[in-house]
Structures are given as C-alpha cells and as structure tokens.
Trainee: 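Structure below; questions to follow.
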Amino acid sequence: MIKIKFLDNLFYISFVILLFGCGASKTAKDEILAKKITFDKYVNTISKKIDLQEKKIYRLENIGVCASNKFDGARLNNFKKLNDSTALVVINPENEPINNSANYGFKIWSEESKSFYLKFIYPEDYNHRYIPKLKKNGEWSTINNSSISKKRGFTTIKVNLTTDTLTVAAQEIHNSTDVKNWYTGLIKNKEIFVKTYSAGKSYLGKNIPVLDIYKGGKKNKEIIVILTRQHPPELTGYYAFQNFLKTILNESKLSDDFLTKYRVLAFPIVNPDGVDLGHWRHNYGGVDLNRDWSIYNQPEIKQVVNFIEKSKIEGESKIILGIDFHSTSKDVYYTNKDKASTSMPNFEKEWFNALEKNIPTYKVNKRGSNPGKPVSKAWFFKAHKAVALTYEVGDKTPKSFIKFKSEVAANEMMKILINNKNK
C-alpha cells in the first residue's frame, strides 16, 4: 500500500472542499455543451486520492551523493543508501490501480567524481518500463545498454557522477513550461492563421492550451482535432504530435490549400498537472483522463470537450477527424471498427495505403475495436460520427523515424482531405 502523508492528505481534502464545496451552483463556463455519451464498459472517473511526492534534496551521508526532485516533471519518492557505491531509487505511482508505466525523473550529483549505481525500487507487481534518459550540459541521451543490469526483477543502472548535475529520467522532461515554449516558438510569425486560446484550467489551475488553425474565415470549415499528453510520460507520442503539427503549419502550397479548406484544433498538453507532477498516468484527480470521455468528471476533459463543441457550433460546422497521440510498446494505430457510418468511410484505408506507399518497407500495424470504453477515439465516433484513431508510437521508436513518419502522415492526410473536399 502507498502511504499518504497527513499534510498531503489534508491539502488534498482542503483543495477538494474549496473546489467543489464553494459555489456549488454551475456557472455558464461550467456547463457541459456536449451531451454525455454512454459506453458499454463503465469506468469510474470520480476523483481519487493521490500520493504527493515530497519535494526535497536527498543527501546520502558519508558518500557525498545528492539527488533532487525539486522541479516540474520530477518523480522521486525516496532516495536511500544501500552501500557506498549504490543508492535505492524509490518510485511510487500517484495512486492505484494504475497502468504499469513507471515514470521517474530526478537530478543527481556528487561531491567528487565517481561511478555510482542506482537500483530502482517499485511497489510489488510493477516493473521498469522506460530505458533511462540522461541529461548532461543541456543535452539528452539514452543510457548505454552496457550500463543497465536486470537481476531478480530489479533494474540497476551505472552512472558517472561529478559535481555537475545529471538528470536521470524515464523520458526526456517536457513539462508544461517546455510545451508552452515549444508551441510559442512554432507559431511565431504565423499568428495571422494560428490563434492561441485556453480551453480552460486544470485541477491545479494550469492552462490547457489549444491552437486554433485556419486561413480565411472559419465558418463552415470542417474540423480536425489532434491532441496529446493525456498520459504524462508518453513522450514518443508527443514527438509525433509535434512533427505532425509542424508539417501542417509549414506554409507549403499543400498546407495553404488545406488550411484554406479546413480548420484544425490542436491540444498539445491535455494533462498539465500530471505532467508537472511526474505522474505515471493520471491527473491531479487521480484519474486516467483517457477514460473520462463519457460524463466528463475531470475538469481537463470537460474543458477540452466544451472547447471542441463550442468551436463546432460557432463555426456552423462538424468534426470529421480526431487523432489522439500516445505511446506504447510498439507503433500501432487503434481504430474504430465501424467505418461505414463515419463522415469519411474510406479515409483510413486511403491514409494507411499512402503511408505504406511513401515509407519504404513500412507496414501499417492497425487494430480495430468497437467503441466500448470511454476513450477519445470512441468519443469522436459516438459524439460526431467522425473518423478517429489513437496514434500510438513505440517507446523505443527512433526519433528520426517518428519525425519522418509523422511528416508523411500529415502530408498524406492533407492530400486526402483536399481531394475529398474537391469531389
């Protein structure tokens, strides 16, 4: 069992009372514009308690080694000396039950240069998922395989410490500030056709940004929605989202023609609280946001859904495509089985064929299912009869291939939609 400290628990209870106890009546901003969607498989998304990690600098006496989780995106629950050359890195999830996506991130340094070992300790039934990423002198790299050992279910890594700070993380750290810096730079000098809005606020009051993208007027433009970072450590999916969006905004003739005909809503970080808290999967409410696309218990999904619905209504248009970017063990597209009743019955077939044609030796890995769980791709289908996919990228997929495939995917999507519009 995960123990929640009294002060953390008190803070959580006080916050919930403040959030829900005061002003129980709904304001116009709180109203749900989208109708609630019923799914065959019910998932309880009412807020649950979480274990807030204590933010501190850990100092190992007599061996001069220190570690810190005092930054956004960190995850380190304890740091203890095992012997003079090894420390135990204790990593707990925010709450349970939870997907086995053990996230971690901390900074470490030493009073003198030395080789040092870090043994990762997780609660029973959880194990090491992500190959450690190291940041030194502002540059990220993946740890060498020779520096990783696995014995009796435990993962231990060897690092070279100095007085300079080394960051060790499950994935490169891209917290909410990093995400803002990225999209702000991306849209610089493009503000005439990219509008930045806030879809609303998270549990902790963090901004949920959305980029509203189109050229000319927005009225009657059919809408494509792309989103990512519902699950904090799923960085390869975020990389794909970045390159996909960058391609849409590259101001080529294809991009110009596409944005003249269509409107794109892009959500670069749906779960800013979970990202900044270093969560394995959930938001501050202790819930998997990609199970709340039904009755919208969590503020993040409620705000995103409201923004999508409001955009559709104000633009007198419809949602035709939704793509949600995630990460898993290997590249795969999760789709809805029903194609015939969507707004574009042939889109997936055309798109996947185009990917295979334009990526040498590539074979699309796709898995269709009926919309049983309240996830985003099922919501887009049930609420809007839109084509919808979960664009999953493998944890170990190389960045170069992620970039290439995402560029091809965005270009081929734009070509297909332009041709469909012209028919």
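Note: hydrogens, waters and symmetry copies are ignored here, and every other heavy atom, side chains too, is used. All residue numbers refer to positions in the sequence shown, counting from 1.
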Trainee: Above 12 or not: heavy atoms from other molecules or residues under 6.0 Å from NZ of Lys55?
Mentor: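 Yes, enclosed.
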
Trainee: Is the number of heavy atoms from other residues, nucleotides or ligands under 6.0 Å of Lys114 NZ greater than 12?
Mentor: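 Atom NZ in Lys114 is packed in, count exceeds 12.
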
Trainee: Have Ser317 and Asn220 got a donor and an acceptor in their side chains that come within less than 3.5 Å?
Mentor: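 The criterion, which ignores hydrogens and geometry beyond distance, is not satisfied for Asn220 and Ser317.
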
Trainee: Given the ring of Phe381, does Lys385 sit roughly above its face, with NZ or CZ under 6.0 Å from the centre of the six-membered ring and within 45° of the axis?
Mentor: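 Judged by the rule, Lys385 and Phe381 form a cation-pi pair.
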
Trainee: Please determine if Lys221 forms a cation-pi arrangement with Tyr214, meaning its NZ or CZ atom is less than 6.0 Å from the six-membered ring centre and no more than 45° off the ring axis.
Mentor: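 No.
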
Trainee: Is Lys119 close enough and on-axis enough to Phe154, meaning under 6.0 Å and within 45°, for cation-pi?
Mentor: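 The answer is yes; both the distance and angle limits are met.
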
Trainee: Could you verify whether a donor N or O on one side chain and an acceptor N or O on the other, from Lys136 and Thr162, lie under 3.5 Å apart?
Mentor: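 Per modelled atom types, Lys136 and Thr162 side chains form a pair under 3.5 Å.
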
Trainee: Do Lys373 and Ser369 have a side chain donor and acceptor closer than 3.5 Å?
Mentor: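 Lys373 vs Ser369: no donor-acceptor pair found between side chains.
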
Trainee: Answer with yes or no whether the side chains of Glu234 and Tyr238 bring together a donor and an acceptor at under 3.5 Å.
Mentor: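 There is no such pair (donor and acceptor under 3.5 Å, judged by atom type) between the side chains of Tyr238 and Glu234.
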
Trainee: Just do the ring pair (Phe, Tyr, Trp, His ring centres under 6.0 Å) check on His174 and Trp182 with the steps written out, would you?
Mentor: CA-CA 9 Å; His174 289 264; Trp182 168 73; 9.2 Å; no

Trainee: Return yes if some donor-acceptor pair links the side-chain N/O of Arg75 with the main-chain N/O of Asn92 below 3.5 Å, else return no.
Mentor: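 Such a contact is found between Arg75 side chain and Asn92 backbone.
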
Trainee: Checking Glu96 against Tyr126: is there a side-chain donor and acceptor pair closer than 3.5 Å?
Mentor: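 A pair is found: one side chain offers a donor N or O, the other an acceptor, under 3.5 Å apart.
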
Trainee: Is it the case that atom NZ in Lys36 sees more than 12 heavy atoms from other parts of the structure closer than 6.0 Å?
Mentor: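 No.
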
Trainee: Between His128 and Tyr122, does any side-chain donor sit less than 3.5 Å from a side-chain acceptor?
Mentor: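 Result is yes, a qualifying pair exists.
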
Trainee: Are a donor atom and an acceptor atom from the side chains of His282 and Asn95 found within less than 3.5 Å of each other?
Mentor: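 Present: a donor and an acceptor within the cut-off.
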
Trainee: Any idea how Phe307 and Tyr197 line up, ring-wise: parallel (<30°), tilted (30 to 60°), or perpendicular (>60°)?
Mentor: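 The rings of Phe307 and Tyr197 sit tilted, inter-plane angle from 30° to 60°.
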
Trainee: Please check if atom CD1 in Ile313 has more than 12 non-hydrogen atoms from other residues, nucleotides or ligands closer than 6.0 Å.
Mentor: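 Atom CD1 in Ile313 is crowded, with more than 12 foreign heavy atoms closer than 6.0 Å.
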
Trainee: Kindly give the heavy-atom pair with the smallest separation between Ser176 and Ile269, and that separation in Å.
Mentor: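 That closest heavy-atom pairing would be CA-CD1, 3.8 Å.
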
Trainee: Taking the six-membered ring of Tyr239 as reference, does the cationic atom of Lys403 (NZ for Lys, CZ for Arg) lie under 6.0 Å from its centre and within 45° of its axis?
Mentor: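 Here Lys403 fails the 6.0 Å and 45° test against Tyr239.
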
Trainee: Between Tyr104 and Phe120, what is the ring plane arrangement, given parallel below 30°, perpendicular above 60°, and tilted in between?
Mentor: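 Tyr104 and Phe120: tilted rings.
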
Trainee: Would you say that more than 12 heavy atoms from the other residues, nucleotides or ligands in this model lie under 6.0 Å from the CG of Asn145, or not?
Mentor: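 Result for CG/Asn145: open.
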
Trainee: Verify whether one side chain among Lys56 and Asn69 offers a donor that lies under 3.5 Å from an acceptor in the other.
Mentor: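 No.
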
Trainee: Of the non-hydrogen atoms in Thr45 and Gln298, which two are nearest, and what is the gap between them?
Mentor: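 Taking Thr45 first and Gln298 second, the nearest heavy atoms are O-NE2, 2.8 Å.
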
Trainee: Is there a donor in the side chain of Gln230 and an acceptor in the side chain of Asn290, or the other way round, less than 3.5 Å apart?
Mentor: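 Judged by distance alone, the side chains do pair up.
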
Trainee: Does CD in Glu139 sit with more than 12 non-hydrogen atoms of other residues, nucleotides or ligands closer than 6.0 Å?
Mentor: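 Result for CD/Glu139: open.
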
Trainee: Report the relative orientation of the aromatic rings in Tyr333 and Phe352; use parallel for angles under 30°, tilted for 30 to 60°, perpendicular for over 60°.
Mentor: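 Taking Phe352 first and then Tyr333, their aromatic rings sit tilted (interplane angle of 30° to 60°).
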
